[in-house]
Amino acid sequence: MSFSVTGRPLSGRPGSRQLTSRNPITGEEIVRTPSRADNVPASRQSQKPEGIPGLDLQYLKETSNYVYKPIQVADYPIHGGESARTDVSWGSDVTVRSHRLSERQPSAHSYRSSRPTGMPGLDLREGDRQPTVTQKPTTPRPSKPTAWDAPPVADPDAVPPPSQRHRDMYQQYEREMKDGYRAAANKEFTEEEINAVVAEVRQQHAGESGDGEQDVVDRSWSNRPHTATNTYIRRMDAEELLDHNKKLKLLETVMVDQLSRGVISDPDQNIRAQMTAGRRPRGSNRALHDSKVTTASTATENLLSKRVRFGARVLTRNGHDAIRELTGFFFSIDNSLTIYEFRQFGKSAKALPFISRGRFSHLHGPRKGDPYTLVDICAGSDIAIATKGQSSLPETLKKIAEVTFRVTDVEEEEKRKILLDGVPSHKCDDVYTRLHIPSKQAFTEKMVIKTIQKNVQKKIQKRAIKTITGLGRYYRQTAGTGSGVLYRFELEKGLFDFHIDLPPETLDALFEILDEAETGELDYSVYMWAVIGNMVEARKSLIRKAFRKIDAGKKGYITISDIQKFFNTTFRTNKGGRDAGDRGPLQAFVDAVLPNPKQEEVSYAEFEEYYEGLSLAVTSDDDFFAILKNTWTI
């Protein structure tokens, strides 16, 4: 008979490798397969070298209350993150970890530990397995109360005096500040350091001239056009040739008109005796320059030779009349003048009378009633002419009582030749200067207005585009569809709204100069440009040229489609064609001239006001001309 390890007899068939035993409680026979330990003698089982600990096999001992349970992966969190970490493993003590397991991963089963002490648990999380770092909870230290946590003191006298430590710190700080000021006062600055400080101060105070957002001007548009290209040279030559042909056409027309009027109006032409010589056949044309007629009453040759040509433009808000190409002639023989308009009809070009030749007098000012002389014809001066009796004027100008012309350019050589006829050469400059000195009253008024304009331009230089376009838009909305005449308080309110601050005595002096009739109202254009000032006439001439190109239909206004058609999108600025707050140059221009996105038309007044503001920001004439030429390819 065979015996078990515990000394109990084992039952089984002879030669069988199965060992049997009985459960002492239930009496059930248990059959198991013998292991290698059963064949080892007892003497060999107890032999082990000295110093080596014995093998503890208590975990391998069979117990009656052990329950086998398969591993359920769903009972463990397997996804990454801090929330997926758990302290429960195969060897965790259920009684100690049960509350953690129930909080993080509830399960309907209970587990018993089958992992030896010190053996790591099984981590069933997927993905990258990183060691779990157990951080000890930190207890925040209580913050000490500061002076800001204390309730405010109602009585200032109850505030405790500073401690001696704070007094010493304040005295030390005061000594250091005084020593620093003394060292700075005794320091000898170099010229470079002084210039740097001055430039910094100027830059800081440059934007303090007025309130409002400053303009964004892309200076790269002032780059010179491609003068080296043959296309640009040919275009410039063609424009110069066209201007030259215009002048010749005007001169020829004036000579024909004035000579024919002189010859026809001469009463001596009725004498048959003088007309018999050189009589031409019937039906042949008589050329005026072939006429050999000389009369005592009309000095035709002298009349045509002593003349001065000047350019002019109409001061009006009507775009169709403002862009007219006008050329005037002043005849010193009788102080008369005439103005012609150059018109292009397809390939045919003609010069048509605009103002009939005659003698005109001043309508306003201290020289009211005095006739215009050659001295009055200078660049920037105004000529006011009554519209009554002027049949050649357009209907838009016939509706008003008088029309004002601004002289844009004058032939100075011809003017000096006529005025200084018979004057010694060493006195020519002195005499020419004295002839143009205005009266004391006119000089005083001119200096007052010039001083006001200088101060205003300095204030709004950084925001001139937004200020001028906004002020003009405000005046037009206030005037409505009327004549543009506003009361004084309406005019001054516009200056105040756009931060053009002027002292009351300055406003009184300005209005007294402009309002000669003392009516208490003025045309807002006269008042606005008297306060801000106009750009030079050379720049105005280029603006009118650009507007004439855009307004190909001669409507007097331009549309958004016209602007998109003629705006030079091929020009690339230094910013890659983007400016004004990451907007395109075309969109920036449209936003400046059109406050309402629903508006489709741009009047000449809005177009001119935009470049009036740009003119204040760009001081160089060459840069200003380059900007317009690059923008509109003119």
Side-chain angles (χ1 to χ4, degrees), residues 254 258 299 302-304 306-316 326-340 353-390 392-393 397-398 400-412 414-423 428-450 509-519 522-523 525-527 529-530 534 537:
V254 171
Q258 300 306 319
N302 192 25
L303 175 65
L304 294 179
K306 294 185 177 180
R307 67 183 183 275
V308 175
R309 188 194 63 83
F310 62 90
R313 64 182 179 91
V314 182
L315 293 182
T316 179
L326 304 178
T327 302
F329 294 88
F330 190 90
F331 305 98
S332 63
I333 192 66
D334 57 353
N335 285 338
S336 62
L337 63 87
T338 181
I339 298 177
Y340 282 77
F354 199 78
I355 295 293
S356 301
R357 177 170 166 260
R359 299 182 64 183
F360 303 97
S361 302
H362 292 269
L363 302 180
H364 306 284
R367 297 181 57 189
K368 182 178 181 180
D370 296 341
Y372 287 104
T373 63
L374 186 56
V375 177
D376 298 323
I377 308 301
C378 56
S381 62
D382 296 338
I383 301 175
I385 298 177
T387 58
K388 185 178 180 180
Q390 297 292 336
S392 300
L393 286 175
L397 296 179
K398 287 181 180 180
I400 57 179
E402 61 184 53
V403 57
T404 303
F405 298 91
R406 175 68 56 84
V407 179
T408 59
D409 60 278
V410 181
E411 288 183 346
E412 289 294 338
E414 293 293 333
K415 181 179 177 181
R416 289 177 65 93
K417 181 180 179 181
I418 295 174
L419 290 177
L420 302 178
D421 186 16
V423 178
C428 288
D429 294 340
D430 185 47
V431 172
Y432 191 81
T433 304
R434 290 180 180 274
L435 288 174
H436 290 82
I437 294 178
S439 62
K440 184 177 181 180
Q441 180 181 356
F443 179 77
T444 304
E445 294 176 352
K446 183 178 180 180
M447 293 305 298
V448 170
I449 295 179
K450 189 175 181 180
L510 177 64
F511 206 85
E512 183 179 355
I513 294 173
L514 299 178
D515 187 17
E516 299 175 357
E518 299 181 356
T519 59
L522 282 173
D523 186 283
S525 296
V526 177
Y527 186 83
W529 301 125
N534 287 106
E537 290 300 324

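FYI, side chains are in, hydrogens and waters are out, and symmetry mates aren't considered; it's all heavy atoms of this structure. Bear in mind the structure is a predicted one, so any value in this text is a computation, not a measurement.
A salt bridge is absent between Lys306 and Asp334; no separation between the charged side-chain nitrogens and carboxylate oxygens falls under 4.0 Å.
With sequence neighbours excluded, the residues forming a salt bridge (charged side-chain N to carboxylate O under 4.0 Å, His left out) with Arg367 are Asp376, listed by chain and number. Every salt bridge (charged side-chain N to carboxylate O under 4.0 Å, His left out) that Arg406 has, sequence neighbours left out, goes to Asp382, Glu537.
A donor-acceptor pair under 3.5 Å is absent between the side-chain atoms of Ser336 and the main chain of Arg357, judged by distance alone. With hydrogens and angles disregarded, no donor-acceptor distance shorter than 3.5 Å links the side chain of Ser381 to the backbone of Ile377. Under a 3.5 Å cut-off, the side chain of Thr408 and the backbone N or O of Gly311 do form a donor-acceptor pair.
Note: Ile513 CD1 to Gln441 CD = 9.0 Å, rounded to the nearest 0.5 Å. Put simply, CH2 on Trp529 and CD1 on Ile449 are 15.0 Å apart, with the number rounded to the nearest 0.5 Å. Distance check: Ser361 OG to Lys368 NZ gives 11.5 Å after rounding to the nearest 0.5 Å. Atom CG of Leu435 is separated from atom CG of Leu419 by 6.0 Å, given to the nearest 0.5 angstrom.
In this pair, Phe405 and Phe354 present their aromatic rings perpendicular. The plane angle is above 60°, beyond the 30 to 60° band.
Of the candidates Arg309, Arg307, Lys417, Arg309 is the only one forming a side-chain hydrogen bond (donor to acceptor under 3.5 Å, both in side chains) with Glu411.
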